Peer 1: 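Here's a structure for you.
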Amino acid sequence: MSNAAVSVSAEEAALNQAFLEERKERGTRYIQRHSRQARVTHGITVISCILLCISGLFVFVPALAQAIGADAVFAIRMSHRVLGLVFVIVPLVSAIAAPKGVKHIFKNLFDTWDSDDKKWMILFFPYLFMAKWIHMPDQREVKSGQRFADGMLWLFGAEMGITGILLLLQATVVDFGATAHGVFIFLHDVGFLMIAVFGLAHIFLGGGIFQPYRGTWRLMFGNGKVSESDALYHWGHWAREEIASGEHVTEEK
């Protein structure tokens with residue numbers, strides 16, 4: 001094998017140097033994934049939901065209520081009602097202010113699954129334990145697994161809101177009767193359990209606790225932007241469409 005040095009013309013060397021300088025100056029490209037309104041609505045809803053789960057334990061679990069005393073329970077009950085109103089009203093106001101955004105969300109939730117979506121779901125649990133060795137198929141704007149999980153959060157979030165309002169009305173305005181009250185409490189408890197299950201999964205992935213998702217918390221609690229490389233890794237089909245259009249793509253040093 002020859003050890004002779006490769007001969008490069010002055011013109012080629014200049015072009016190579018210019019290319020390297022351009023790469024140094026070029027910043028990272030980002031895609032705007034979530035609007036400010038979406039991030040604010042999500043943040044308020046998440047915080048109120050977490051506080052509702054905590055306060056609800058002291059309101060609906062007798063052993064915990066007895067442990068802290070009647071006065072503390074009364075204060076927590078009042079805060080639970082206020083938080084419940086925030087949990088219901090903020091998303092409704094946001095939906096009224098941006099109906100196209102709501103339509104877009106539900107379009108994604110009920111979008112038809114293609115072969116990549118089905119394959120992603122099949123590989124998801126092995127991927128949790130062998131992320132280094134499993135290549136996940138490209139996804140659209142919302143992953144198939146996320147569509148299912150978010151759908152459950154929307155469903156049981158709505159159930160919690162409706163039953164919570166009914167319980168509030170019964171406690172303050174209308175007497176629906178003992179049977180109806182029991183049904184409301186049961187459905188409220190079921191909603192709490194389901195929100196806890198899917199909410200923890202949402203936090204595990206969306207919060208970036210799972211290593212391949214590190215930094216994804218910035219999508220909702222930061223500026224709503226995702227780097228081009230991360231977008232291609234997580235949502236390949238959607239990322240390529242956004243890059244081709246360039247509408248939501250920015251470059252930052």
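The basis for the numbers below is simple: all heavy atoms, side chains too, and nothing from hydrogens, waters or symmetry mates. Bear in mind that the values here come from a model prediction, so they are computed numbers and not experimental data. Numbers for residues simply follow the sequence, beginning at 1.
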Peer 1: Run the numbers on Thr172 and Arg81 for side-chain contact (heavy atoms from CB on, under 4.5 Å), then give the verdict.
Peer 2: CA-CA 11 Å; Thr172 57; Arg81 292 174 179 177; 4.3 Å; yes

Peer 1: Less than 4.0 angstrom from a charged side-chain N to a carboxylate O is my criterion; do Glu252 and Arg29 meet it?
Peer 2: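 The answer is no: the pair does not qualify as a salt bridge.
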
Peer 1: Rounded to the nearest 0.5 Å, what separation is found between the CG atom of Asp189 and the OG1 atom of Thr163?
Peer 2: 9.0 Å

Peer 1: Measure from the side-chain N and O atoms of Glu242 to the backbone N and O of Arg33, and report whether any donor-acceptor pair falls under 3.5 Å.
Peer 2: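 No.
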
Peer 1: Tell me, do Ile122 and Phe124 make a side-chain contact under 4.5 Å, heavy atoms counted?
Peer 2: no

Peer 1: Which heavy atom of Arg39 sits nearest a heavy atom of Asn223, and at what distance?
Peer 2: NH1-O, 3.2 Å

Peer 1: Count the heavy atoms belonging to other residues, nucleotides or ligands that lie under 6.0 Å from CD of Gln211, then report whether that count exceeds 12.
Peer 2: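 Check passes, neighbour count above 12.
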
Peer 1: Are Val46 and His202 side-chain neighbours, meaning at least one heavy-atom pair lies under 4.5 Å?
Peer 2: no

Peer 1: Can you see whether Glu141 engages His104 through a side-chain donor-acceptor pair at a distance of less than 3.5 angstrom?
Peer 2: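 Side-chain D/A pair, Glu141 to His104: present.
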
Peer 1: Tell me if the centroids of the rings in Phe60 and Phe192 come within less than 6.0 Å of each other.
Peer 2: no

Peer 1: Can a donor-acceptor pair be found, under 3.5 Å and without considering hydrogens, that links the side chain of Ser55 to the backbone of Leu51?
Peer 2: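 Side chain of Ser55 to backbone of Leu51, a donor-acceptor pair under 3.5 Å: yes, one is there.
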
Peer 1: Do Asp111 and Arg140 meet the salt-bridge criterion of a basic N to acidic O distance under 4.0 Å?
Peer 2: yes

Peer 1: Looking at Thr45 and Pro91, what are the two nearest heavy atoms and their distance?
Peer 2: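 Nearest heavy atoms, Thr45 then Pro91: OG1-CG, 3.6 Å.
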
Peer 1: Strictly under 6.0 Å, is that where the ring centroids of Tyr127 and Phe210 end up?
Peer 2: yes

Peer 1: Over all heavy atoms of both residues, which pair between Pro137 and Leu123 is shortest? Give the atoms and the distance, please.
Peer 2: CD-CD1, 4.0 Å

Peer 1: Is the shortest side-chain N to carboxylate O distance from Asp138 to Arg240 below 4.0 Å?
Peer 2: yes

Peer 1: Given the rule that I, L, V, M, F, W and Y join up when any side-chain heavy atoms are under 4.5 Å apart, are Phe148 and Leu153 in one cluster?
Peer 2: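 Yes, one cluster joins them.
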
Peer 1: Taking atom CZ of Phe221 as the centre, does the number of heavy atoms from other residues, nucleotides or ligands within less than 6.0 Å exceed 12?
Peer 2: yes

Peer 1: Heavy atoms, side chains only, cut-off 4.5 Å: are Leu193 and Phe156 in contact?
Peer 2: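 Heavy-atom side-chain distance check fails, nothing below 4.5 Å.
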
Peer 1: Is there a side-chain contact between Ile165 and Leu85 (heavy atoms, below 4.5 Å)?
Peer 2: yes

Peer 1: With side chains defined as the heavy atoms from C-beta onward, is the minimum distance between Val226 and Trp235 less than 4.5 Å?
Peer 2: yes

Peer 1: Counting only heavy atoms not in Phe204, do more than 12 fall under 6.0 Å of its CZ?
Peer 2: yes

Peer 1: With a 4.5 Å heavy-atom cut-off, do Tyr233 and Pro212 have their side chains touching?
Peer 2: yes

Peer 1: What is the minimum heavy-atom distance between Ile243 and Val249, and which atoms define it?
Peer 2: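 Residues Ile243 and Val249, closest heavy atoms: CA-CG2, 4.1 Å.
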
Peer 1: Could you give me the CA-CA distance, side-chain angles and deciding distance for His234 and Gln139, then say whether side-chain contact (heavy atoms from CB on, under 4.5 Å) is met?
Peer 2: CA-CA 7 Å; His234 289 292; Gln139 291 286 274; over 6 Å; no

Peer 1: NE2 of His188 to CD1 of Ile195: how many Å apart, nearest 0.5 Å?
Peer 2: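 Those atoms lie 10.0 Å apart.
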
Peer 1: Heavy-atom distance under 4.5 Å between the side chains of Ile162 and Leu187, does that happen here?
Peer 2: no

Peer 1: Between NE2 of His237 and CG of Asp114, what distance do you get to the nearest 0.5 Å?
Peer 2: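 Spacing of NE2 (His237) from CG (Asp114) equals 6.0 Å.
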
Peer 1: For residues Ile96 and Phe106: do they belong to one hydrophobic cluster (side chain heavy atoms under 4.5 Å, members Ile, Leu, Val, Met, Phe, Trp, Tyr)?
Peer 2: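 No; Phe106 is not reachable from Ile96 via cluster members.
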
Peer 1: How long is the span from the CD atom in Gln37 to the OG1 atom in Thr41, to the nearest 0.5 Å?
Peer 2: 5.0 Å

Peer 1: Are Leu64 and Ile185 connected in the hydrophobic side-chain network, where two residues link if heavy atoms are under 4.5 Å apart?
Peer 2: yes

Peer 1: Could you state whether Leu128 and Ile209 fall into the same hydrophobic cluster, counting links through intermediate Ile, Leu, Val, Met, Phe, Trp or Tyr residues with side-chain heavy atoms under 4.5 angstrom apart?
Peer 2: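 Leu128 and Ile209: one cluster.
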
Peer 1: Would you find a donor on one side and an acceptor on the other, under 3.5 Å apart, between the side chain of Gln32 and the backbone of His34?
Peer 2: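 Yes, Gln32 side chain to His34 backbone: donor-acceptor pair under 3.5 Å.
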
Peer 1: Working to the nearest 0.5 Å, report the span between CG of Leu219 and OH of Tyr213.
Peer 2: 11.5 Å

Peer 1: Show the nearest heavy-atom pair for residues Ser48 and Val86, with the distance to one decimal.
Peer 2: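 Minimum heavy-atom contact is CB-CG1, 4.3 Å.
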
Peer 1: Ignoring hydrogens and angles, state whether a donor on the side chain of Thr28 or Glu251 is under 3.5 Å from an acceptor on the partner side chain.
Peer 2: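 Judged by distance alone, the side chains do not pair up.
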
Peer 1: Suppose we call two aromatic rings close when their centres sit under 6.0 Å apart. Are His80 and Phe58 close by that rule?
Peer 2: no

Peer 1: Identify the two heavy atoms, one from Trp120 and one from Ser144, that lie closest to each other, and give their separation to 0.1 Å.
Peer 2: CE3-OG, 3.6 Å

Peer 1: Could you go through the side-chain contact (heavy atoms from CB on, under 4.5 Å) check for Phe87 and Leu83 one step at a time?
Peer 2: CA-CA 6 Å; Phe87 181 77; Leu83 289 166; over 6 Å; no

Peer 1: Same cluster or not: Leu169 versus Val82, using hydrophobic residues (I, L, V, M, F, W, Y) connected whenever any side-chain heavy atoms lie under 4.5 Å apart?
Peer 2: no

Peer 1: Within this structure, what is the CG-CG distance for the pair Asp150 and Leu109, rounded to the nearest 0.5 Å?
Peer 2: 6.0 Å

Peer 1: Can the ring centroids of His248 and Tyr30 be said to lie less than 6.0 angstrom from one another?
Peer 2: no

Peer 1: Any side-chain heavy-atom pair from Val73 and Ile68 closer than 4.5 angstrom?
Peer 2: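 Counting from C-beta outward, Val73 and Ile68 do come under 4.5 Å.
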
Peer 1: Check whether Arg147 reaches the backbone of Val142 with its side chain - one donor and one acceptor, N or O, closer than 3.5 Å.
Peer 2: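 At least one qualifying donor-acceptor pair exists.
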
